[in-house]
Amino acid sequence: MALAENLPEKSIAEFSKERLKKVKKVENYDKVKARQLNEEKKIDSELQDEKSHIKELREAVKFASEKTGVREDFLFGMLTVESDLGRNTGKCTYAQVETGVEKSYKKGLLGQKTYNTFIERREHIKNIAKEIGRDYESLGVSCNPAKYVGTGGAMGVPQFMPDMWVHYKDRISEIVEKESPDPWILKDGIVAMALLLSDTVGVTDHNYYSERNAAKIYLSGTTSSRYDWYANKIMYWAKNHEALMS
C-alpha cells in the first residue's frame with residue numbers, strides 16, 4: 001500500500017490497468033479451460049453412450065438371429081442401411097409428416113389411393129403409440145421424401161410402415177415376450193426386421209441370392225432388378241459393418 005501511495009497518479013493508473021489485464025487473462029484462461037473440460041466430458045459421455053449402444057445392438061442382433069435363423073451379418077447390413085445401426089429412427093415427427101402429406105395431397109402430388117393408404121396407416125400408428133404409451137404426433141419417423149412421391153412415416157429401428165408392424169406384431173410379441181412391442185427399442189425392432197427377412201425362402205439357410213431377394217422385398221415388395229442397387233448396399237455392409245462399430 002505504501003508503494004502505491006508514493007507512485008505518481010499516472011503510474012497508479014498504469015499499474016491498475018496492467019493488473020486488470022492480468023486478472024482478465026486469468027479469467028479468460030479459466031473460461032477456456034472450463035469449456036475444454038465441458039467438451040471433454042461431453043465427448044466422454046458420447047463415447048460411453050456409443051459403447052453402450054453397440055453392446056446392446058450386438059446382443060439384440062444375436063438374439064434375433066437365434067430366434068429367426070437370419071444370419072447376423074445380414075441383419076447388420078440391413079440395419080446399417082435402414083437406420084444407421086439403429087441410431088437414426090426418424091428425423092421428422094409424425095405431425096410434420098402429416099402436414100407434408102396434406103400439402104402434397106392438396107397440390108395433387110399424391111393420388112387418392114396413396115392418400116387413403118396414409119389415412120389407414122395413421123390409425124395404426126395412433127393405436128401403436130397408445131399401446132406403448134407415446135404421443136403419436138411426436139413420434140420420430142422418416143420424413144416425407146423429397147425426390148419421389150411418397151408419404152414418409154416409417155417407424156423405428158426397422159423402418160416399418162405402421163401396417164407392416166401390425167402384421168408382424170403378434171409374432172414379435174411372442175419372441176420378445178412382451179404384449180406391446182416397441183419399434184423404437186432395439187431388440188423389438190430388430191426382431192421385427194428379422195421376421196420379415198426370414199419369410200423369404202432360403203434366407204434362414206443363409207443363401208446369398210435369397211438374402212439379396214429378401215433385401216429387395218424389404219424395400220419394394222418385389223425382387224425386381226431395379227432394386228439391385230439396394231441389395232448391393234446391403235450385402236456390402238453385411239460384409240463390412242464391423243468397420244462402423246470398431
Side-chain angles (χ1 to χ4, degrees), residues 53 56-57 60-61 63-64 67-68 70 74-102 104-105 110 114-199 214-221 227 230 233-234:
H53 174 81
E56 185 182 355
L57 176 71
V61 167
F63 176 83
K67 293 295 183 179
T68 64
V70 178
F74 182 39
L75 282 172
F76 277 120
M78 291 294 303
L79 286 161
T80 299
V81 175
E82 284 293 324
S83 59
D84 187 21
L85 294 171
R87 299 185 192 96
N88 179 11
T89 57
K91 294 183 178 180
C92 289
T93 66
Y94 199 79
Q96 290 172 322
V97 167
E98 278 185 302
T99 300
V101 168
E102 293 296 338
S104 294
Y105 179 62
L110 285 181
T114 301
Y115 182 72
N116 290 344
T117 298
F118 174 78
I119 298 302
E120 291 172 9
R121 286 173 171 169
R122 182 170 62 186
E123 292 308 307
H124 285 312
I125 204 168
K126 285 180 180 179
N127 292 333
I128 292 166
K130 185 176 180 181
E131 287 176 0
I132 61 177
R134 299 179 185 237
D135 169 35
Y136 92 93
E137 289 185 315
S138 63
L139 290 174
V141 295
S142 65
C143 301
N144 311 89
K147 296 182 180 179
Y148 61 90
V149 176
T151 62
M155 306 186 310
V157 175
Q159 288 293 281
F160 270 21
M161 284 299 186
D163 48 348
M164 183 65 74
W165 181 265
V166 170
H167 178 74
Y168 281 94
K169 181 193 166 188
D170 289 344
R171 292 170 66 186
I172 301 166
S173 294
E174 185 178 353
I175 291 175
V176 301
E177 298 180 339
K178 186 191 298 183
E179 185 177 349
S180 299
D182 184 332
W184 287 271
I185 290 177
L186 277 175
K187 186 176 182 180
D188 300 359
I190 295 172
V191 165
M193 175 180 278
L195 283 170
L196 193 161
L197 296 170
S198 72
D199 284 345
K216 289 190 280 187
I217 290 169
Y218 197 99
L219 175 69
S220 69
Y227 303 103
Y230 179 80
K233 284 175 68 175
I234 296 298

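Between Leu186 and Leu85, the shortest heavy-atom contact is CD2-O, 4.5 Å. Of all the heavy atoms in Ser83 and Gly156, the pair that sits closest is CB-O, 4.5 Å. Summarising the geometry of Leu196 relative to Tyr168, their closest heavy-atom pair is CA-OH, 3.5 Å, with the distance given to 0.1 Å. The shortest non-hydrogen separation linking Pro158 to Ala192 is CG-CB, 4.4 Å. Minimum interatomic distance between Leu57 and Leu79 (heavy atoms only, all atoms of both residues): CD1-CD1, 4.1 Å. Taking each heavy atom of Tyr105 and Leu110 in turn, the nearest pair found is CD1-O, 3.7 Å.
No side-chain heavy atom of Tyr136 sits less than 4.5 Å from a side-chain heavy atom of Lys130. Met161 places none of its side-chain heavy atoms less than 4.5 Å from the side chain of Thr117. Looking at Ile217 and Asp199, their side chains never come closer than 4.5 Å, going by heavy atoms from C-beta outward. In this structure, the side chains of Glu120 and Asp163 stay at 4.5 Å or more apart for every pair of heavy atoms. Counting only heavy atoms from C-beta outward, the side chains of Lys169 and His124 never approach each other to under 4.5 Å. Contact annotation: the side chain of Ile185 never approaches that of Val176 to less than 4.5 Å [non-hydrogen atoms, C-beta and beyond]. Leu75 is listed as a side-chain neighbour of Leu197, based on a closest heavy-atom distance under 4.5 Å.
For Glu56, the side-chain hydrogen bond (donor to acceptor under 3.5 Å, both in side chains) test picks out no residue, with sequence neighbours left out.
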Inset, instruction - Begin from the C-alpha positions of Gln159 and Tyr218 and carry the test side-chain hydrogen bond (donor to acceptor under 3.5 Å, both in side chains) through to its verdict. - result: CA-CA 10 Å; Gln159 288 293 281; Tyr218 197 99; over 6 Å; no
Inset, instruction - Take Ile234 and Leu219, measure what side chain to side chain contact (heavy atoms under 4.5 Å, CB included) needs, and give me the verdict at the end. - result: CA-CA 11 Å; Ile234 296 298; Leu219 175 69; over 6 Å; no
Inset, instruction - Show your working on side chain to side chain contact (heavy atoms under 4.5 Å, CB included) between Ile128 and Met155 and close with a plain yes or no. - result: CA-CA 10 Å; Ile128 292 166; Met155 306 186 310; 3.8 Å; yes
Legend entry - Ile172 vs Trp165, side chain to side chain contact (heavy atoms under 4.5 Å, CB included): CA-CA, chis, key distance, verdict: CA-CA 9 Å; Ile172 301 166; Trp165 181 265; 3.8 Å; yes
Inset, instruction - Dump the intermediate steps for side chain to side chain contact (heavy atoms under 4.5 Å, CB included) on Asp182 and Arg134, then the final yes or no. - result: CA-CA 10 Å; Asp182 184 332; Arg134 299 179 185 237; 2.9 Å; yes
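A distance-only check finds no donor-acceptor pair linking the side chain of Trp184 to the backbone of Leu139 [under 3.5 Å]. With hydrogens and angles ignored, the 3.5 Å screen pairs a side-chain donor or acceptor of Asn127 with a backbone N or O of Glu123. Not a single donor-acceptor pair under 3.5 Å links the side chain of Ser142 to the backbone N or O of Gly90. A side-chain donor-acceptor contact under 3.5 Å links Asn144 to the backbone of Thr151.
If you take CD1 on Ile190 and CD1 on Ile175, they are separated by 12.5 Å, rounding to the nearest 0.5 Å. Atom NE2 in His53 sits 5.0 Å away from atom CZ in Arg87 (nearest 0.5 Å). If you take CD on Glu82 and OH on Tyr230, they are separated by 3.5 Å, rounding to the nearest 0.5 Å. Phe74 contributes atom CZ, which lies 9.0 Å from atom CE of Met193 (distance to the nearest 0.5 angstrom). Of the inter-residue distances, the one linking Thr99 atom OG1 with Tyr94 atom OH reads 11.0 Å to the nearest 0.5 angstrom. Gln96 CD to Ser138 OG: the interatomic distance, rounded to the nearest 0.5 Å, is 11.0 Å.
Residue Lys126 places its NZ atom among more than 12 non-hydrogen atoms of other residues, nucleotides or ligands, all under 6.0 Å distant. In this structure, Met164 places its CE atom where only 12 or fewer heavy-atom neighbours from other residues, nucleotides or ligands lie under 6.0 Å away.
Salt-bridge annotation for Arg171 and Glu174: absent, with no side-chain N of the basic residue lying under 4.0 Å from a carboxylate O of the acidic one.
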